[in-house]
Amino acid sequence: YNEDHPLHKELTEGLQDKIANLFLHYIDGISYEEIVHRNKGDITEKEMAKEAARLRQEIKRVKETLLKRYYKLMEKYR
C-alpha cells in the first residue's frame, strides 16, 4: 500500500474507509464482528449480525471495484 504512488489516488478515490476495513479483515485478520464492534461500539446481537453481513457485502464490493479500477488502469497505461 503506497500512498505516494502516482496511481494511488486514481485507484482508491472515494474508497479509503472501505479499504481500511478490507485491510483490517484480510491483512490484520480481524473478524467482521470485531470491526463492527470497533466502529459501532456495543450493539445488540441482532444488530451485530446485520452489521457484520453488511460489512461482508461492503468488503466484497470494494474488492470488485478495486479490481475493475486496476484493470482499467492497466489498459489506460499499457
Side-chain angles (χ1 to χ4, degrees):
Y1 195 72
N2 183 357
E3 292 181 6
D4 296 329
H5 193 280
L7 299 178
H8 178 268
K9 183 177 179 183
E10 195 171 346
L11 181 65
T12 63
E13 190 169 17
L15 300 174
Q16 291 85 354
D17 293 339
K18 294 175 182 180
I19 291 171
N21 286 335
L22 178 120
F23 277 23
L24 286 173
H25 182 67
Y26 286 106
I27 306 283
D28 298 336
I30 299 173
S31 71
Y32 295 116
E33 291 78 9
E34 179 61 28
I35 296 169
V36 169
H37 186 319
R38 288 181 179 193
N39 293 335
K40 304 276 184 180
D42 289 329
I43 57 177
T44 67
E45 191 174 320
K46 184 177 179 180
E47 289 173 327
M48 176 62 76
K50 180 181 175 183
E51 290 297 321
R54 184 196 57 76
L55 181 63
R56 259 194 290 305
Q57 284 300 311
E58 178 182 284
I59 288 176
K60 178 184 173 190
R61 288 185 193 110
V62 78
K63 285 188 330 186
E64 292 170 354
T65 301
L66 286 171
L67 279 172
K68 287 177 185 175
R69 287 184 183 184
Y70 178 75
Y71 293 144
K72 285 180 183 178
L73 288 173
M74 294 295 288
E75 288 296 318
K76 183 177 178 180
Y77 295 105
R78 201 178 219 196

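- Counting heavy atoms from C-beta outward, His25 and Leu55 have side chains that stay 4.5 Å or more apart.
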Assess whether side-chain contact (heavy atoms from CB on, under 4.5 Å) is satisfied between Thr65 and Lys18, documenting all intermediate values. CA-CA 11 Å; Thr65 301; Lys18 294 175 182 180; over 6 Å; no
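- Met48 contributes atom CE, which lies 6.0 Å from atom NE2 of His37 (distance to the nearest 0.5 angstrom).
- For Lys63, the salt bridge (charged side-chain N to carboxylate O under 4.0 Å, His left out) test picks out no residue, with sequence neighbours left out.
- Applying the side chain to side chain donor-acceptor pair (under 3.5 Å) criterion to Lys76, with sequence neighbours excluded, gives Glu10.
- Checked by atom type and distance alone, the side chain of Glu13 never pairs as donor or acceptor with a backbone atom of Leu11 at under 3.5 Å.
- Counting heavy atoms of neighbouring residues, nucleotides and ligands inside a 6.0 Å radius, atom OH of Tyr70 does not exceed 12 of them.
- Within the model, atoms CZ of Arg61 and CG of Leu22 stand 14.0 Å from one another, a figure rounded to the nearest 0.5 Å.
- With values rounded to the nearest 0.5 angstrom, Gln16 atom CD is found 8.5 Å from Glu3 atom CD.
- Ion pair Glu34/Arg38 flagged as a salt bridge, since at least one NZ, NE, NH1 or NH2 atom sits closer than 4.0 Å to an Asp/Glu carboxylate oxygen.
- Exactly one of Glu47, Lys46, Glu45 qualifies for a side chain to side chain contact (heavy atoms under 4.5 Å, CB included) with Ile43. That residue is Glu47.
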Please step through side-chain contact (heavy atoms from CB on, under 4.5 Å) for the pair Arg54 and Gln57, ending with a clear verdict. CA-CA 5 Å; Arg54 184 196 57 76; Gln57 284 300 311; 5.9 Å; no
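- Taking CD from Glu51 and CG from Asn39, the interatomic distance works out to 9.5 Å, rounded to the nearest 0.5 Å.
- To the nearest 0.5 Å, atom CD1 of residue Ile27 and atom CD1 of residue Ile19 are 11.5 Å apart.
- Once rounded to the nearest 0.5 Å, the distance linking OH of Tyr32 with CD1 of Ile59 reads 5.0 Å.
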